[in-house]
Amino acid sequence: MGPASTLDARFFYTSADAAEYLASIGAFGRATYLKVETLDFGLIAIYTLFLVRVFAASWRGLRNRWFAFVPGFFDLIETVTIFYLLKSGTLTPPAYLGYATAAKWLSVTFTLIVGVGSSLEGRQAKVRLGKIPRTV
């Protein structure tokens with residue numbers, strides 16, 4: 001079981017794909033994956049805080065800060081579901097799981113583009129207003 005093969009790392013998968021994967025990794029693989037999913041809860045918190053900081057650095061940060069929570073929301077749905085499947089021994093994932101994963105990756109991409117763009121735009125506005133010095 002390599003990191004790229006986990007359900008979390010895939011862009012999209014069907015319920016049948018997820019069931020096949022969970023069955024193929026065996027009991028030891030599922031126990032290991034459960035540990036990875038436990039750590040994923042912390043990772044969600046860390047990257048959500050990072051995204052909040054990116055938006056806070058923006059001059060539009062207060063208005064757009066909710067964007068920072070969207071990837072974590074979908075990731076939390078995904079992680080809680082996978083955690084439940086692994087903990088309960090249920091190998092029949094719900095149909096929404098692959099869609100939650102795809103929504104996570106799409107929202108991460110969108111949020112980073114908006115956040116970085118807003119931060120750069122905010123920095124340029126601060127330079128124009130003389131609040132921070134121009135760099136060469």
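As the structure is a computational prediction, the values presented were derived from the model and not from experiment.
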Using atom types as modelled, flag every donor-acceptor pair under 3.5 Å from a side chain in residues 80-87 to any protein atom, sequence neighbours excluded.
unit_1 : atom_1 : unit_2 : atom_2 : d
Thr81  : OG1    : Ile77  : O      : 2.7
Thr81  : OG1    : Tyr96  : OH     : 2.9

Once you round to the nearest 0.5 Å, how far does [atom1] of [X] lie from [atom2] of [Y]?
{"X": "Thr101", "Y": "Tyr13", "atom1": "OG1", "atom2": "OH", "value": "2.5 Å"}
{"X": "Asp17", "Y": "Arg10", "atom1": "CG", "atom2": "CZ", "value": "6.5 Å"}
{"X": "Glu20", "Y": "Ile25", "atom1": "CD", "atom2": "CD1", "value": "12.0 Å"}
{"X": "Leu39", "Y": "Thr79", "atom1": "CG", "atom2": "OG1", "value": "11.0 Å"}

*Apply side-chain contact (heavy atoms from CB on, under 4.5 Å) to the pair Asp8 and Glu37, showing each step before the final yes or no.*
CA-CA 9 Å; Asp8 307 71; Glu37 288 303 288; 2.8 Å; yes
*What's the shortest heavy-atom distance between Pro93 and Leu97, and which atoms?*
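So the minimum-distance heavy-atom pair works out to CB-CD2, 4.0 Å.
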*Compare every heavy atom of Ala95 with every heavy atom of Ser15, then report the nearest pair and how far apart it is.*
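Looking at all heavy atoms of both residues, the closest pair is CB-CA, 4.2 Å.
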_Side-chain donor or acceptor of Tyr33 paired with backbone N/O of Leu7 under 3.5 Å_ =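 Yes; judged by distance alone, with no hydrogens or angles, the pair exists.
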Please enumerate all residues that pass side chain to side chain donor-acceptor pair (under 3.5 Å) together with [X], with sequence neighbours excluded.
{"X": "Thr90", "answer": "Ser88"}
{"X": "Thr38", "answer": "none"}
{"X": "Thr92", "answer": "none"}

*4.5 Å side-chain heavy-atom contact, Phe69 and Leu51*: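 Phe69 vs Leu51: side chains apart.
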*Side chains of Phe110 and Val70: does their closest heavy-atom pair fall under 4.5 Å?*
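They are not in side-chain contact.
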_Side-chain heavy atoms under 4.5 Å apart, restricted to Ile/Leu/Val/Met/Phe/Trp/Tyr: what other residues fall into the cluster of Tyr99, or is it alone?_
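Direct or chained contacts put Tyr99 with Phe11, Phe12, Trp105, Leu106.
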_Leu49: partners by side-chain contact (heavy atoms from CB on, under 4.5 Å), with sequence neighbours left out_ =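 With neighbours one apart ignored, the set is empty.
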*Taking atom CZ of Phe41 as the centre, report whether more than 12 heavy atoms of other residues, nucleotides or ligands fall under 6.0 Å from it.*
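Counting neighbours around CZ of Phe41, more than 12 heavy atoms of other residues, nucleotides or ligands fall under 6.0 Å, so yes.
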_Verdict with reasoning, Phe74 to Val108, per side-chain contact (heavy atoms from CB on, under 4.5 Å)_ = CA-CA 10 Å; Phe74 288 116; Val108 163; over 6 Å; no
